[in-house]
Each structure stands twice: as C-alpha cells, then as structure tokens.
Novice: 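The structure is given below, and queries will be raised subsequently.
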Amino acid sequence: MRLAWNTLTGRENLIFLLILAILVGLITGGLAVAFRYLLFFTTELFWPDPLALLDVNQHYPWYLVLIIPLIGGLVIGPLINRYSPESRGAGVPDVIEAVVTKEGNVQYRTALFKTVFTSLSIGCGASVGREGPVVHIGSSVGSSLAQLIKLPAEWRRVFLACGAASGIAATFNAPMAGMLFAAEIILVDFQVSYLSHIAISAVTATVVSHHFLGSLPTFQVPLFEMVSYGELLLYALLGFIAGLLSILFIKSVSFVEDMFAKANISFSYRPAFAGLFVGGIAIGWPHILGVGYETINLTLTSQMGIWLMLLILFLKLMATAGSVGAGFSGGIFAPSLVLGALLGGFFGALMTQLLPGHIGTAAAYSLIGMGAVVAGTTLAPITAIFTIFELTYNFEIILPLMTCCITSLVTVQKFYGYSIYETKLLRKGIRMVRGSDVNLLRSMAVEKFMTTEFETISQEMLLVDILEVAEKSFYPHFPVLDDQDRLVGILSMSNLKGFLAEVGDLGKLVVASEIMTKRVVIVRPDDNLETAFEIFEGKQISTLPVLSKNGDLLGILKKSDLLLAYNQKILKFNVLDSRANSQ
C-alpha cells in the first residue's frame, strides 16, 4: 500500500484523500447511529422509558432510583479498571493526546471499550455526555484507516480529526460545528488545505445520521429575537457569569478526583460512590440523570420555574463533577450545554422580571447560555458559536452569541487559563502549547539543536551592500554586529522590503543599524527547547539568536529545527513503546 501511495500523482493524491475522508465519514456516521441505538438499549435496561428519565419517580419507588446508579457504578468501575483504565472520564483529552504525542495513532480497542462503558454509564443515569465516545470512535476510524494505508504522521492526524468531526456532526446534526470542533479543539494547529477533508467527512456523517435518525435538530429551539442593542450588555454580563461557572465546573471535576485520591479509594469503587450520590439527588430531581437533553428542552420551551433552574444548575454541576471525577465513562460537552441552558434560562427569567418588556425571552438567554458555557469550558468559542447557530440558522443570534461566548472565553483565560481538556492533560503531566506537548522538550538543550552556520553583517554596512549579500545568501535573517562583534540587532527580508523601490537613492546613505530590528529576543545555550518554543509562539518569530552569558553570538535556533527535533523525539518514544508492547 505504501508503494501505491508514493507513486500517486499530486492530483491522484488529492482525489484519493478526499475519497478516504468520505469513507471516514460514512463509517463514523454509521457507528454513531449504532451507538445511539446501543445507548437506547442500555438505558432501557435500567429505566422504564429511556426517552423520559424525568418521569422515573412516577414509575419507580425511591429506593430503586437511589440504587440503580449505584449498581451501574459497581458494575462499570471494576470493568473499566481491569480492561480499559484509559476509558475513565471524557474521551476528548485522550484524542488530543494522540495528536500531540502519538502522531495521530488511536487504538480501536480503546474506542470499543469507551463505547460500551459510556453506554452503560449513561444508561444507569451517570451525569455524562454521549459525544466523548463518538469522538473517540470517529478518531479511531480515521486513524486506523490512515495507518492501514500507511499514510505519514501528518495525514494520520488529519484523518483522526476527520473522524472526530464526523462524530460531533452525526451526534448534533451540525456539520459546521463538527468541522470546527476538530480544527479548534482536536488539531489546534491546522492548515486551511486540510479543512476540505474535515468538512467532507463531517457532511458525509451528517447525511448518514439524517438517513437513519432524521434531520430534526437535537433540541426544541425557540424563536430568537433581540429587542434592542442594549441587550448586548446583558449578554456580556451573562458571558462573564458563564465564564465563572465554567471555571467552577472545571475545578469541581479536579476537586472530586483529588478527594477520591486523598481518601485512597480504589478506582474500581469510585463510580459506585458517585452513583450513590447521583441516585440520592435523582430521588427528588431526576433532571440530573443521564445526558440531560430533556432538561435543556424544558428551559428552551420555558417550562421550568426560575428557582428550579437555579437549583438544578448546581445539582447538575455536582452530579457531573461527581460522575466524571469518579471515573464514569462519558463526555463533558453535553453537560456543558445543560449547565449553559440552565444558567441562561435563570438569568433571562430574572432579567425579564427586572426589565419587563425591554428584553427578549428567557428561552433566548437559555440558548445563548448554552454556547457561553461550552466556550468557557472548552476555550473553543468558534465551535460554541457555530454549534448554537446551526440550531437556529437565525443570523440575528450572531451578535449576542459572539458577545456572550467571547466574554466567557476571556473570563476563563483571565482567571484560570486552561480548558477542561487541557486541565485533564496537565494533571497527567502533559503541558500543551498550541497542540504540542512541551514537556518532551524540557530535557533538550538549545545548544544541541542550534545551527552555527549563519552570516552576519556589520551595523555600518550600506544598504546597497546588504542587498547584494542578501541576493547571494541562502539565509533569510542576518545577525547585525557592532565593532566588538556584539549582537545589536537582526536584519530580515521584511526589514528590506520598504527600501527596495528607493534603493537607487538611499543605497549609499542608509546603513544596517537604521533598518534592523533592534529589540532582539535571545536564548542561552543552556536553555531548554520548551523555553524557546514558548518564545516562538508568543512572539511569532522564526529564529532566535543564541548568546553566551558574556554576550557572544554562538549560533541561531530556528523554529523549523525545533519542530523537527520535537517530531523526532515523539517518533523515538513511539518506537520504544511499540517494542515494549510487543514484548
């Protein structure tokens, strides 16, 4: 297969890769539909009507509502601990980790266990989302096909993202949201040329989902109307509160994990404790059971009282933090939507009482709140905006939605700094900067990867001579030195652009010191590549001079060399892991 791939022409490559993207969408869409039916079946095992969990108190006595999540936890905990410990909690961080540290390789075994354990978790009433395993399933499909055809690591990551996009698109009937989810959350760093493959996979999966499940939206969306532009201030306030709620949600999950760890409770029994907790809440308020889409629809249709929404908001927060933190398998995207709907509904109902006739409906605020909390928890505002927009296709919603989501995003970035996915990875020791695990770069010193081959110019060199040197040189950047060979600046092609048209008049008048970049960011030879990586990302530059403590120019570190070193490090780890697993 590798020989056939390598012998394809550029146009044949494009057609082949697009066909592969369609195949990923078809398979993922079909598996997403199968997962929906599996979820319906497992929920029916525990509850009388899987589509009406809010009515369980009318069919079951209180003690059954209490013990069913407990029984589910007792079953799921040991199974996960024995067969697939990586299936605990949300699946999206594992997919991101595969992109960052495993060259886009996702094990289909993990996806299979994740599917089964999540369906059992949601089925017994655990407060988790269903999108996590679907993303994992799709990522596994894309990654496995790319590995089967022996595509390079770059394309394995792309088709992993295609599968993730397909999973979200099929789950929410939202192809644009699926595409942006993959680009903004899974890949983080992506090229526009890959967007067509991700898009076609998402569209294909949506078509498959429509065929089997219908094209109706997931939620009962209200008619949105903004009464005046003054409401944007209220939406900004809602976004700020949503950001604070997102931080509380993220920290609550970590708090539960820490509490179980301090209590030294085995991973096998943690879901049972969480199940008992969820069941105890569900005796009085079954709104917290399962995914929670019924609760969302109640807020979107204005069928919940203002104080009940506030109560369910905090109960759902605790139930979700308990379920995810204890190790139930499932996602956090859907619970974020539920929390946002409840927060927005409460806020909107409160404002309509304080400002009657001057603002829109509480249901409209509930809809916007869904996007705001998703933006805050995932730090992916574009995904959040398009997820809600695809529910309405009403352009009037864009301004308040953007205002609310961006405010929520900024709030989380200002007061916390990480998404719920990044937090999970940080707790595993994986620190990411724009899609890369910078932890791997800490043991790599700058002096081992800098280049000592470069050209310098004097600060007194005339422009006409600089242009002659630049024309013959292979280097795009020139360190500028003073009379004592000390670095005083950097001269790049961008510095020269403005003088090309007037070189005849200024060529013998302008010198290097007048056009160079004087504020030069440098690194030391004993700095590690993590330090350099953060400088590259923060300053948006491509080269860094390496100076000794005495100020001598020792070399140049290129961003391209850093990324090459990083990829080689990843490859080495993967080879060693493969050997260890084979033994």
Novice: May I ask you to decide if G243's main-chain N or O and T411's side chain share a donor-acceptor pair within less than 3.5 Å?
Specialist: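 Side chain of T411 to backbone of G243: no pair is present.
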
Novice: Does atom CE of M402 have more than 12 heavy-atom neighbours from other groups under 6.0 Å away?
Specialist: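 No - once you tally the heavy atoms of other residues, nucleotides and ligands closer than 6.0 Å, there are 12 at most.
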
Novice: Taking it one step at a time, do V256 and S252 satisfy side-chain contact (heavy atoms from CB on, under 4.5 Å)?
Specialist: CA-CA 6 Å; V256 171; S252 295; 5.6 Å; no

Novice: Could you list all the ring-ring contact (aromatic ring centres under 6.0 Å, His included) pairs where at least one residue sits in residues 225-254, not counting sequence neighbours?
Specialist: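 The answer is Y235-Y365.
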
Novice: Can you name the closest pair of heavy atoms from S201 and V24 and give their distance?
Specialist: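 Scanning both residues, the minimum pair turns out to be OG-CB, 4.1 Å.
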
Novice: If I take atom OH from residue Y418 and atom CG from residue L379, how far apart are they, to the nearest 0.5 angstrom?
Specialist: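 Spacing of OH (Y418) from CG (L379) equals 11.0 Å.
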
Novice: Is the closest side-chain heavy-atom distance between V207 and T204 below 4.5 Å?
Specialist: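 Heavy-atom side-chain distance check fails, nothing below 4.5 Å.
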
Novice: Which heavy atom in A372 sits nearest to a heavy atom in C404, and how many Å separate them?
Specialist: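 Closest heavy-atom pair between A372 and C404: CB-SG, 3.5 Å.
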
Novice: Please check if the side chain of R156 supplies one atom and the backbone of Q147 the other of a donor-acceptor pair under 3.5 Å.
Specialist: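 The answer is no, because no donor-acceptor pair under 3.5 Å joins these two groups.
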
Novice: T352 side chain to G348 main-chain N or O, any donor-acceptor pair under 3.5 Å?
Specialist: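 Side chain of T352 to backbone of G348, a donor-acceptor pair under 3.5 Å: yes, one is there.
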
Novice: Strictly distance-based, threshold 3.5 Å: is any side-chain N or O of T378 a donor or acceptor partner for the main-chain N or O of A380?
Specialist: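 Yes; judged by distance alone, with no hydrogens or angles, the pair exists.
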
Novice: Do M304 and F346 come within less than 4.5 Å of each other through their side chains, counting heavy atoms only?
Specialist: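 Side-chain contact under 4.5 Å: no.
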
Novice: Does T43 form a side-chain contact (heavy atoms from CB on, under 4.5 Å) with L53? I'd like the steps, not just the answer.
Specialist: CA-CA 9 Å; T43 306; L53 291 183; 4.2 Å; yes

Novice: Mind checking what makes side-chain hydrogen bond (donor to acceptor under 3.5 Å, both in side chains) contact with S366, not counting sequence neighbours?
Specialist: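 Residues passing side-chain hydrogen bond (donor to acceptor under 3.5 Å, both in side chains) with S366: T299.
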
Novice: Would you say Y293 and I296 make side-chain contact, with heavy atoms under 4.5 Å?
Specialist: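 Yes, their side chains come closer than 4.5 Å.
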
Novice: Tell me the closest heavy-atom pair linking L337 and M370, and the distance in Å.
Specialist: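 Closest pair (atom of L337, atom of M370, distance): O-CG, 3.4 Å.
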
Novice: Is a salt bridge present between R270 and E257, judged by a nitrogen-to-oxygen distance below 4.0 Å?
Specialist: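 Judged by the 4.0 Å cut-off on N to carboxylate O distance, R270 and E257 do not form a salt bridge.
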
Novice: Counting C-beta onward and ignoring hydrogens, is there a side-chain heavy-atom pair between F260 and F255 closer than 4.5 Å?
Specialist: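 Sidechains of F255 and F260: no contact.
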
Novice: Under 3.5 Å, is there a donor-acceptor pair between the side chain of T320 and the main chain of L317?
Specialist: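 Answer holds: no.
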
Novice: Taking the side chain as C-beta and beyond, is there a heavy-atom pair between H358 and M351 under 4.5 Å?
Specialist: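 The answer is no, as the side chains (C-beta and beyond) never meet within the 4.5 Å cut-off.
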
Novice: Supply the atom-to-atom distance K316 NZ to L339 CG, rounded to the nearest 0.5 angstrom.
Specialist: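 CG of L339 is found 7.5 Å from NZ of K316.
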
Novice: Please name the pair of heavy atoms, one in M226 and one in E396, separated by the smallest distance, quoted to 0.1 Å.
Specialist: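 Distance-wise, the nearest heavy atoms are N-OE2, 3.1 Å.
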
Novice: What's the verdict on side-chain contact (heavy atoms from CB on, under 4.5 Å) for F35 and S119, showing C-alpha distance, side-chain angles and the deciding distance?
Specialist: CA-CA 8 Å; F35 176 70; S119 64; 4.2 Å; yes

Novice: On a heavy-atom basis, which atom in G178 and which in I168 lie closest, and how many Å separate them?
Specialist: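 For G178 and I168, the tightest heavy-atom pair comes out as CA-CG2, 3.6 Å.
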
Novice: Shortest non-hydrogen contact from V373 to G340?
Specialist: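 Taking every non-hydrogen atom into account, CG2-CA, 3.4 Å.
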
Novice: Atom OG of S121 and atom NZ of K114: how far apart are they, to the nearest 0.5 Å?
Specialist: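 It is 8.0 Å, given to the nearest 0.5 Å.
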
Novice: For the backbone of V374 and the side chain of T377, can you confirm whether one donor and one acceptor N or O come within less than 3.5 Å of each other?
Specialist: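 Checked: pair present.
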
Novice: In Å, rounded to the nearest 0.5 Å, how long is the span from OG1 of T206 to CE of M176?
Specialist: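 Output value for this atom pair is 10.5 Å.
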
Novice: CD1/I332 to NZ/K424 distance, rounded to the nearest 0.5 angstrom?
Specialist: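 Here the interatomic distance stands at 11.5 Å.
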
Novice: Keeping the roles fixed (side chain from T383, backbone from L180), state whether a donor-acceptor pair exists under 3.5 Å.
Specialist: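 Side chain of T383 to backbone of L180, a donor-acceptor pair under 3.5 Å: yes, one is there.
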
Novice: Report yes or no: does E422 contribute a side-chain atom to a donor-acceptor pair with the main-chain N or O of S419 at less than 3.5 Å?
Specialist: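 Flag set: sc E422 to bb S419 pair under 3.5 Å.
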
Novice: Is I382 atom CD1 crowded by more than 12 heavy atoms from other residues, nucleotides or ligands, each under 6.0 Å away?
Specialist: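 Counting neighbours around CD1 of I382, 12 or fewer heavy atoms of other residues, nucleotides or ligands fall under 6.0 Å, so no.
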
Novice: Does any part of the side chain of L342, heavy atoms only, come nearer than 4.5 Å to the side chain of L310, both counted from C-beta?
Specialist: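 No. Closest side-chain heavy atoms not under 4.5 Å.
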
Novice: Check whether any side-chain heavy atom of T407 lies under 4.5 Å from a side-chain heavy atom of L238, and answer yes or no.
Specialist: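 Heavy-atom side-chain distance check fails, nothing below 4.5 Å.
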
Novice: Output the distance between atom CH2 (W285) and atom CG (L54), rounded to the nearest 0.5 Å.
Specialist: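 The distance works out to 14.5 Å.
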
Novice: Is the ring pair F395/F389 parallel, tilted or perpendicular, if the boundaries are 30 and 60 degrees?
Specialist: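 F395 and F389: tilted rings.
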
Novice: Check whether any side-chain N or O of E390 sits under 3.5 Å from a backbone N or O of A177 as a donor-acceptor pair, and report yes or no.
Specialist: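 Yes, E390 side chain to A177 backbone: donor-acceptor pair under 3.5 Å.
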
Novice: What do the steps show when you test V412 against L244 for side-chain contact (heavy atoms from CB on, under 4.5 Å), and what is the final call?
Specialist: CA-CA 7 Å; V412 176; L244 297 179; over 6 Å; no

Novice: Within a strict 4.5 Å, meaning less than it, do heavy atoms of the H136 and F113 side chains meet?
Specialist: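 A side-chain contact under 4.5 Å is absent here.
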
